[in-house]
Amino acid sequence: MNLPNGEPVLRVVPMPADVNQHGDIFGGWIMAQVDITGGVMAARCARGRVATVAVNSFTFKQPVLVGDVVSFYARIGRVGRTSMTIDVEVYAQRNPRELETVKVTEASLTYVAVDADRRPRPIPAE
Ligand SMILES: CC(C)(COP(=O)(O)OP(=O)(O)OC[C@H]1O[C@@H](n2cnc3c(N)ncnc32)[C@H](O)[C@@H]1OP(=O)(O)O)[C@@H](O)C(=O)NCCC(=O)NCCS
């Protein structure tokens, strides 16, 4: 397995309520967790409130199954004046007797640092 890129942000176990009609985890559940993951990293980079402005890419490489332990990793990509791109990778661990880890999803999202009136604000320098 390739090692995850980025920092661990979330680790979640999806529940039966999160499945689609075929019994696998609903893509929308994964998208929500990915947005939360990217938002945590973006808020840290922007030192405050951010808003998701775009989902640049999103690839579901493997299905996520009920009972998987799903880990979300985030890495800061491009940083602009008020916006930043966050790359997220998702790995599922399953089969505890013979532990298997699979990369299930990768995504790139853009967040904008916003002020209390939800207007774009500059990202503070390091
Ligand atoms: C985020 C938001 C405040 C940006 O406002 P805006 O008037 O488009 O802002 P600007 O045109 O000044 O652009 C701000 C930054 O976002 C970037 N941006 C805007 N639209 C973008 C897009 N579709 N993709 C990537 N970046 C984008 C701009 O390039 C700019 O980046 P920079 O300052 O680093 O160069 C506004 O679009 C908004 O409130 N959107 C809804 C956010 C939201 O509610 N998200 C949750 C989902 S419901």
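Note that the structure is predicted; figures quoted are calculated from it, not measured. Counting starts at 1 for both ligands and their atoms, in listed order. Count residues from 1 along the sequence.
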Under the side-chain contact (heavy atoms from CB on, under 4.5 Å) rule, what do Val40 and Phe72 come out as? Steps first, then yes or no, please.
CA-CA 11 Å; Val40 167; Phe72 297 77; over 6 Å; no
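- In terms of heavy-atom proximity, Val64 sits nearest to Arg94 at CA-NH2, 4.1 Å.
- At least one N or O atom of Ser83, backbone or side chain, sits closer than 3.5 Å to an N or O atom of ligand 1.
- Which parts of ligand 1 touch Gly80 is read off a 4.0 Å heavy-atom cut-off, strictly below it: atoms 34 (O).
- Atom 38 (C) of ligand 1 lies below 4.0 Å from none of the non-hydrogen atoms of the protein.
- Contact annotation for atom 11 (O) of ligand 1: protein absent (non-hydrogen atoms, distance under 4.0 Å).
- Each of the atoms 3 (C) of ligand 1 lies under 4.0 Å from some heavy atom of Arg118.
- Within a 4.0 Å radius of atom 31 (O) of ligand 1, the protein contributes one or more non-hydrogen atoms.
- Closest approach of Ala113 and Met84 over heavy atoms only: N-CE, 4.1 Å.
- With Val53, Val55, Thr85, Val112 as candidates, the residue nearest to atom 16 (O) of ligand 1 on a non-hydrogen basis is Val112.
- Selection from Val114, Thr82, Leu109, Val79 by nearest heavy atom to atom 15 (C) of ligand 1 gives Thr82.
- Between Asn56 and ligand 1, not a single N/O pair is under 3.5 Å apart.
- A donor-acceptor pair shorter than 3.5 Å cannot be found between the side chains of Thr110 and Arg78.
- Counting protein heavy atoms under 4.0 angstrom from atom 34 (O) of ligand 1 gives one or more.
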Quick one, Gln33 with Val12, criterion side-chain contact (heavy atoms from CB on, under 4.5 Å). Give me CA distance, side-chain angles, the key distance, then yes/no.
CA-CA 9 Å; Gln33 313 306 314; Val12 190; 4.2 Å; yes
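- The nearest protein atom to atom 24 (N) of ligand 1, hydrogens excluded, is given as Ala54 CB, 3.4 Å; this is a heavy-atom distance.
- Protein non-hydrogen atoms do not reach within 4.0 Å of atom 2 (C) of ligand 1.
- Proximity of a side-chain donor or acceptor of Asp117 to a complementary backbone N or O of Arg119 within less than 3.5 Å is not detected.
- Under a 3.5 Å cut-off, the side chain of Tyr111 and the backbone N or O of Asp35 do form a donor-acceptor pair.
- Considering Thr52, Asp117, Val50 only, the shortest heavy-atom separation from atom 41 (C) of ligand 1 involves Thr52.
- For atom 6 (P) of ligand 1, the closest non-hydrogen atom of the protein is Pro120 CG, 4.3 Å.
- The line from CG of Leu99 to CD of Gln93 is 4.5 Å long, rounded to the nearest 0.5 Å.
- Protein heavy atoms all stay at least 4.0 Å away from atom 28 (C) of ligand 1.
- The distance from the CD1 atom of Ile25 to the CE atom of Met15 is 9.5 Å, given to the nearest 0.5 Å.
- The shortest heavy-atom contact between Gly23 and Val19 is O-CG1, 3.7 Å.
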